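Contents: one structure, followed by commentary.
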Amino acid sequence: MTHVEQESTPHTPHAVADPAPLGLAAFALTTFLLSAKNAAWTDGTDAWLGYALGYGGLVQVLAGMWEFRNRNVFGATAFSSYGGFWIGLGLYVVLVAGGTTPAQEANDLGWILLAFAIFNTYMMLWATQVNQAVLAVFVALEATEIILFIGNFAGSETTIKIGGYIGILTAICAWYASAAGLINGMLGRTFLGVGRPMFTHLIPNTDTHPH
């Protein structure tokens, strides 16, 4: 398919409005705020915290529930899980972190990030079946989580800063995927490219239901 043909490809309407642009935007903004802190770009305290509970957390969980309505198991699992991640991280900071030493907090964060890096590994693999824009989000996120859990376990501020920089890249990828999903859905055709799913010729598709 040529570039011109791809840009004019009509989109099949969803059962309800596509919640993916909202979920991606919520993930992007909250990731950006925390990553800016990790990269030592900010001079404030925890601006990301309220957005972890409200936007990145609650709104992403809602997007995940709407994805269930769209019968999109990947989107439902991704948004609900990372919405839960932000709510859980926010609650950890509010309820637990204040009573720990810096070393204990770093160890806790290392284990949290390691656990989500494991989850993100298979989500990254299955993102190859969504599109290349979404895959870029999960690849960048995988790198972010790995570098951050290494930095927290090692107590290395430099490594955490690097994780912050890659986290900002993750946010940019998610914002692009959100913007593309939004404008493509509004126009009913591809205006911003997101790329095709990968390796589809290796995976037989016997499912007749839309995803």
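All values derive from a computational prediction rather than experimental measurement.
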query: Is there a donor-acceptor pair closer than 3.5 Å between any side-chain N or O of T190 and the backbone N or O of G193?
result: no
field: Atom pair CG/CG of L34 and L29 - distance to nearest 0.5 Å
entry: 11.5 Å
- prompt: Between K161 and A40, which heavy-atom pair has the shortest distance, and what is it?
  reply: CE-CB, 3.6 Å
message: Assess, by modelled atom type and distance only, whether the side chains of T144 and T170 contain a donor and an acceptor separated by less than 3.5 Å.
response: yes
- prompt: Do side-chain atoms of S178 reach the backbone of A174 as a donor and acceptor pair under 3.5 angstrom?
  reply: no
- line: Shortest non-hydrogen pair, T30 vs Y51, comes out as OG1-O, 3.6 Å
message: For residues 78-91, which residue pairs pass the side chain to side chain donor-acceptor pair (under 3.5 Å) check, not counting sequence neighbours?
response: Y82-N120, Y82-E145
query: What are the two closest non-hydrogen atoms of F138 and M123, and how far apart are they?
result: CE2-CB, 3.7 Å
query: Is V93 close to W48 at the side-chain level, that is, under 4.5 Å between some pair of heavy atoms?
result: yes
Candidates F27, F79, F116, Y92 - the one meeting ring-ring contact (aromatic ring centres under 6.0 Å, His included) with F85: F116
- prompt: Where does the angle between the aromatic ring planes of F32 and W175 fall among parallel (under 30°), tilted (30 to 60°) and perpendicular (over 60°)?
  reply: tilted
field: With sequence neighbours excluded, residues passing salt bridge (Lys or Arg N to Asp or Glu O under 4.0 Å) with D108
entry: none
Verdict with supporting geometry, W111 and F153, ring pair (Phe, Tyr, Trp, His ring centres under 6.0 Å): CA-CA 8 Å; W111 281 105; F153 281 143; 5.5 Å; yes
- prompt: With a 4.5 Å heavy-atom cut-off, do D46 and K37 have their side chains touching?
  reply: yes
field: Test log, rule side-chain contact (heavy atoms from CB on, under 4.5 Å), inputs L135 and M198
entry: CA-CA 9 Å; L135 176 61; M198 301 174 65; 3.3 Å; yes
message: Would Y176 and L192 count as a side-chain contact (heavy atoms from CB on, under 4.5 Å) here? Give the steps.
response: CA-CA 9 Å; Y176 176 84; L192 288 179; 3.8 Å; yes
- prompt: How about E157: does its CD atom have over 12 heavy atoms from other parts shown lying under 6.0 Å from it?
  reply: no
field: CA sep, side-chain torsions, deciding dist, call: N107, N152, side-chain contact (heavy atoms from CB on, under 4.5 Å)
entry: CA-CA 6 Å; N107 185 263; N152 277 282; over 6 Å; no
- prompt: Do T77 and F119 pass the side-chain contact (heavy atoms from CB on, under 4.5 Å) test, and can you show the C-alpha distance, the side-chain angles, and the key distance before you say yes or no?
  reply: CA-CA 11 Å; T77 302; F119 164 74; 4.1 Å; yes
